[in-house]
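Read the structure below first, then the notes.
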Amino acid sequence: MDKIVIHGGARLTGELQVLGAKNAALPLQCAALLGDSPTTYRHVPRLSDVQTMNQLLVGLGCAVEGDRTLTIDPTGVQEGPKEAPYELVKTMRASVTVMGPLLGRHGFARVSLPGGCAIGARPIDQHLRGFEALGAKIRMSHGYVEVKARRLKGARINFDMVTVGGTQNVMMAAAMAKGTTVLENAAREPEVQELAIVLGKMGAKIAGAGSSTIEIEGVDDLQGIDHAILPDRIEAGTFAIAAAITGGDLLLLDAPSSHMHAVIAKLEEAGAECRVEPEGLRVIGPEELAPIDLVTRPHPGFPTDMQAQMMVLATLARGQSVITETIFENRFMHVPELCRLGADIHVNGNVAVIRGKARYTGSIVMATDLRASACLVLAGLVAEGKTEIRRVYHLDRGYETIEKRLRKVGAKIRRYHGAPS
Ligand code: EPZ
């Protein structure tokens, strides 16, 4: 197992290219299943989650080629098993997003029920409620859920809570239903909008993506397309914090600033300078950081996927910050590790009270999930001495060769292969 070692204290300066978005790539890979011909995606990030999804698609009968430019040919799925096996779903919950397109195009899908994960229970009841409203029969047995329908029929679906995956999955099923579907209390995330753009290019009729009401008029057929994936707002936000906490000056090339208003607002509140420039977003760190209070919310609120990274910044500010996590019930796993490095954080339920200003000293820490591992990398960048991060496979799920890219802008960071876990 790999580990990452950081010697902290360097001021980060220069340019960093923001790559394609993981949370757009995964549902888009699934959307290719809806086409009657191959789909090609560009700017695809080289991540283990993208590989896992490719594996799943091949298991369904797709032909998959390339990586940065990825071509998915779904024509072999008709004869395939239409099943997402336990072994893949347990490594990546996003595997359940094949259900909507398989149901929409082939009228059947069998998917292993995802168990809980480090950050929460994460049930899929809203996905299934949506499919049922479209007329699908749902059957659970042996840890799998089967959804079946001769032809889905349009319906009005009001989600009990805002769910990104539920909105995407049901939107893909409804794209080939008979009649019109209206999704209410839908997720407004940029990755939902991106999926609607791709489905529209494939021939779907979708209006209102980006708002909380999405209308989908079903069509009989969809075609393969060619599409460049949007840049990753969470990766860009992570690098923006790296600039802010190291007193650095980074130009984040192609950063999707229009999708990052909540994060930029908090960075400016903390004293960082954020400038939208023609090539991207420039972030300049202040002499001293100011405390911030934040509550995670669905988009356009503050993204839960930036909570852990922003907590590092809060620990370095003079004064007290309060962070409230409202999306996932167990997303403070990084707190004990930050405290091991020297932070002063008290958690009570879904509220973390942070007393700055921490003086981090390097130590061995354990990554527990994707964004927690990114937050440990950030803490390592400012810690005195050596920080060793173990279980970095979590990091590779969402950040492509992060150590090489940070090294380019001055970080003293290295990866070691085959280290003890
Ligand atoms: C997506 O997960 C992202 N993953 C997550 O990013 C992100 O944290 C999350 O949206 C929220 O923004 C991908 O896009 C692959 P949800 P998703 O359905 O779709 C509850 C990362 O770090 N819920 O919006 O699984 C659920 O338990 C990952 O990149 C139900 O109760 O999230 C959660 O509390 C982590 N029933 C809340 O809703 C359902 O049927 C939001 O979940 C569905 C969801």
Side-chain angles (χ1 to χ4, degrees), residues 19-31 45 47-50 52-53 56 89 91-100 111 113-133 138 145 147 157-172 183 185-195 212 229-230 232-238 259 262-263 295-310 325-331 333-334 350 367-375 394-400:
L19 299 174
K22 168 185 81 87
N23 289 347
L26 300 176
L28 264 55
Q29 285 172 279
C30 299
L47 303 170
S48 54
D49 274 8
V50 170
T52 305
M53 191 62 88
L56 175 55
V89 176
T91 47
M92 182 184 68
R93 326 171 43 72
S95 311
V96 300
T97 323
V98 296
M99 249 196 286
V111 169
L113 270 172
C117 97
I119 63 177
R122 304 181 75 178
I124 57 167
D125 56 305
Q126 300 298 307
H127 304 228
L128 302 179
R129 247 187 81 234
F131 297 144
E132 213 157 28
I138 314 267
V145 55
V147 286
I157 297 160
N158 188 303
F159 290 110
D160 293 339
M161 85 285 293
V162 173
T163 159
V164 175
T167 303
Q168 293 166 329
N169 227 343
V170 179
M171 185 154 75
M172 287 193 272
L183 303 182
N185 197 24
R188 303 169 54 188
E189 269 66 6
E191 296 78 23
V192 171
Q193 298 172 47
E194 174 82 345
L195 178 61
S212 51
I229 292 180
L230 91 170
D232 196 322
R233 63 193 170 103
I234 306 296
E235 177 178 88
T238 304
H259 297 158
V263 170
V295 180
T296 63
R297 297 256 185 245
H299 191 83
F302 190 90
T304 173
D305 293 349
M306 283 299 302
Q307 177 257 100
Q309 300 94 309
M310 198 56 97
E325 173 58 56
T326 70
I327 308 293
F328 292 107
E329 63 274 25
N330 187 33
R331 203 165 203 182
M333 299 283 279
H334 43 283
N350 69 338
T368 47
D369 62 77
L370 167 56
R371 307 303 170 183
S373 42
C375 119
H394 289 291
L395 201 59
D396 298 334
R397 297 187 59 175
Y399 298 89
E400 183 180 323

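One-based numbering, in listed order, for ligands and for the atoms of each.
For atom 2 (O) of ligand 1, the closest heavy atom belonging to the protein is Arg122 NH2, 3.2 Å. For atom 18 (O) of ligand 1, the nearest non-hydrogen atom of the protein is Thr163 OG1, 2.6 Å. Taking atom 39 (C) of ligand 1 as the reference point, the nearest protein heavy-atom neighbour is Pro123 O, 3.1 Å. For atom 3 (C) of ligand 1, the closest non-hydrogen atom on the protein side is Asn23 ND2, 3.8 Å. Taking atom 11 (C) of ligand 1 as the reference point, the nearest protein heavy-atom neighbour is Thr304 CG2, 3.9 Å. Nearest protein heavy-atom contact of atom 23 (N) of ligand 1 is Met161 SD, 3.8 Å. Remark: minimum distance from atom 35 (C) of ligand 1 to any protein heavy atom is reached at Arg331 NH2, 3.6 Å. Among protein heavy atoms, the minimum distance from atom 19 (O) of ligand 1 is reached at Gly165 N, 2.7 Å.
Listed by number with element, the atoms of ligand 1 under 4.0 Å from a non-hydrogen atom of His127 are 40 (O). Under a 4.0 Å criterion applied to the non-hydrogen atoms of Gln126, ligand 1 contributes the atoms 36 (N), 39 (C), 40 (O).
Between the side chain of Glu194 and the main chain of Ile229, no donor-acceptor pair closer than 3.5 Å is present. Remark: the backbone N or O of Pro27 is not paired with any side-chain donor or acceptor of Gln168 at under 3.5 angstrom. For Asn169 (side chain) and Val96 (main-chain N/O), a donor-acceptor pair under 3.5 Å exists by modelled atom type. Side-chain atoms of Thr296 come within 3.5 Å of backbone N or O of Thr326 as a donor-acceptor pair.
Side-chain contact, His299 with Gln193: no donor N or O sits under 3.5 Å from an acceptor N or O. Asp160 and Gln126 share a side-chain donor-acceptor pair at under 3.5 Å.
The distance criterion of under 3.5 Å between nitrogen or oxygen atoms is met by Val164 with respect to ligand 1. At a 3.5 angstrom cut-off on N or O pairs, Glu329 does not count as close to ligand 1. Remark: ligand 1 and Lys22 share an N or O pair separated by less than 3.5 Å (distance only, no angle test). Between Ile327 and ligand 1, an N or O atom pair is found at a separation short of 3.5 Å.
If you look at Leu128 next to ligand 1, there are no close heavy atoms at all, none under 4.0 Å. Using a 4.0 Å cut-off between heavy atoms, Arg371 contacts ligand 1 through its side chain alone, with no backbone atom that close. With a 4.0 Å heavy-atom cut-off, ligand 1 is reached by the side chain of Asp305 but not by its N, CA, C or O.
The shell of residues lying under 4.0 angstrom from ligand 1, judged by heavy atoms, excludes Glu191.
Of the candidates Thr304, Asn350, Asn330, Glu325 forms a side-chain hydrogen bond (donor to acceptor under 3.5 Å, both in side chains) with just one, namely Thr304.
Using a 4.5 Å cut-off on side-chain heavy atoms (C-beta onward), Phe159 and Val170 make contact. Side-chain contact between Asp305 and Arg331: present, with at least one pair of heavy atoms (C-beta onward) separated by less than 4.5 Å. At a threshold of 4.5 Å between non-hydrogen side-chain atoms, the residues Arg188 and Pro298 do not count as touching.
The residues Glu235 and Lys22 are annotated as not salt-bridged, no charged nitrogen and carboxylate oxygen being separated by less than 4.0 angstrom.
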